[in-house]
Amino acid sequence: MLGLLVSAVRRTSLRNSESLHDMDWTRLVRMSVDPPPFLGSDRPHAAVVYAGVHGSTRSIAAYLAARLADRGIEAEALPAEAVGDPSGYDVFVVGSAVHDMAWLPQALAFVQANAALLAERDVWLFSVGMPAALRGPWRGLVAKEESHVIGGLADRLRPCGHCLFSGVIEPEHLTRAGRMKFQAMGLRYGDYRDWPAIDAWAQEISEDIERRRHEKAGWTPS
């Protein structure tokens, strides 16, 4: 129901009340002090494809696209149902909010419709749930949910990587029964998006893309 997933990559989740509308994406694109590794017309083109409901997944996808662009990759964030011709992209980062321990139908439909193409491209996956809201013994549910959510997708797409992030949870996001269960579990509402962790993952992706392209070209750094 709540998509109880662990907050990505090795960090304690940080709270940040900055909303999608408050974020300065121009600033985000310029954050890195490193020169972009991809120069010229051969820069890879990445699609950050997402499916969400309340905005958390959309904001994470937009952040990822901005950070990849900052690293010299042509990147754009697109709703899963609005991707035009996917064959024009070299790289895919596909993510979804998690409801009832599963990706949303829009994200699954995109993967199903483009499975053959995705199998020929480098693909990274991310899921957005509420692991950082968990307390005490409830954190033990994370591993079980992760294997349920990503298992079939990993087998089908063989992704280069997968990350699990927390989003924003507010009372109006849940049904009455959901709010009762949320309270009974001792969970807390709030913004659990971990921007440093998301930023670190974007950098890992860009470095992996560069390495893979060099390997395909037969070049090995000294």
message = Between D208 and C160, is the side-chain contact (heavy atoms from CB on, under 4.5 Å) condition met? List the steps.
response = CA-CA 9 Å; D208 202 10; C160 301; 4.2 Å; yes

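- Residues forming a side chain to side chain donor-acceptor pair (under 3.5 Å) with D90 (at least two apart in sequence, or on another chain): none.
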request  = For V53 and H99, run side-chain contact (heavy atoms from CB on, under 4.5 Å): C-alpha distance rounded to whole Å, both residues' side-chain angles, the deciding distance at 0.1 Å, then the answer.
outcome  = CA-CA 10 Å; V53 176; H99 289 191; 3.7 Å; yes

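- Pairing each heavy atom of A75 with each of A69, the nearest pair is CB-N, 4.3 Å.
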ask   = Under the side-chain hydrogen bond (donor to acceptor under 3.5 Å, both in side chains) criterion, do R193 and S59 qualify, and how do the steps go?
value = CA-CA 9 Å; R193 291 172 295 182; S59 67; 2.9 Å; yes

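- We find that R211 and E215 are joined by a salt bridge, their nearest charged nitrogen and carboxylate oxygen being less than 4.0 Å apart.
- Applying the side chain to side chain donor-acceptor pair (under 3.5 Å) criterion to E81, with sequence neighbours excluded, gives no partner residue.
- Shown here for R71 and S206, the closest heavy-atom pair between the two residues is NE-OG, 3.3 Å.
- Counting only heavy atoms from C-beta outward, the side chains of F165 and S127 never approach each other to under 4.5 Å.
- Residues satisfying the side chain to side chain contact (heavy atoms under 4.5 Å, CB included) criterion with V93, sequence neighbours excluded, are V48, L64, L68, W124, F126, W201, I205.
- Among all heavy-atom pairs drawn from I73 and P44, the shortest one is CG2-O, 3.5 Å.
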key: From CA spacing to verdict: side-chain contact (heavy atoms from CB on, under 4.5 Å), F92, L118   = CA-CA 8 Å; F92 290 88; L118 294 174; 3.6 Å; yes

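- A donor-acceptor distance shorter than 3.5 angstrom exists from the side chain of S96 to the backbone of L104, with no hydrogens or angles considered.
- If you take CZ on R158 and CG on D122, they are separated by 14.5 Å, rounding to the nearest 0.5 Å.
- Expressed to the nearest 0.5 Å, how far OH of Y63 lies from CD1 of I198 amounts to 7.0 Å.
- For the atom pair CD of E76 and NE2 of H45, the computed distance is 4.0 Å after rounding to the nearest 0.5 Å.
- Counting only heavy atoms from C-beta outward, the side chains of W103 and V128 never approach each other to under 4.5 Å.
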Give the table of side-chain donor-acceptor pairs shorter than 3.5 Å for residues 105-117, with sequence neighbours excluded, one pair per line with atom names and distance.
residue: N114; atom: ND2; partner: F110; partner atom: O; Å: 2.9

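- Y89 and L125 fall within a single hydrophobic cluster, where Ile, Leu, Val, Met, Phe, Trp and Tyr are joined by side-chain heavy atoms under 4.5 Å apart, directly or via other members.
- Taking both residues in full, the closest heavy atoms of A97 and G52 are given as CB-CA, 4.2 Å, listed atom of the first, atom of the second, then distance.
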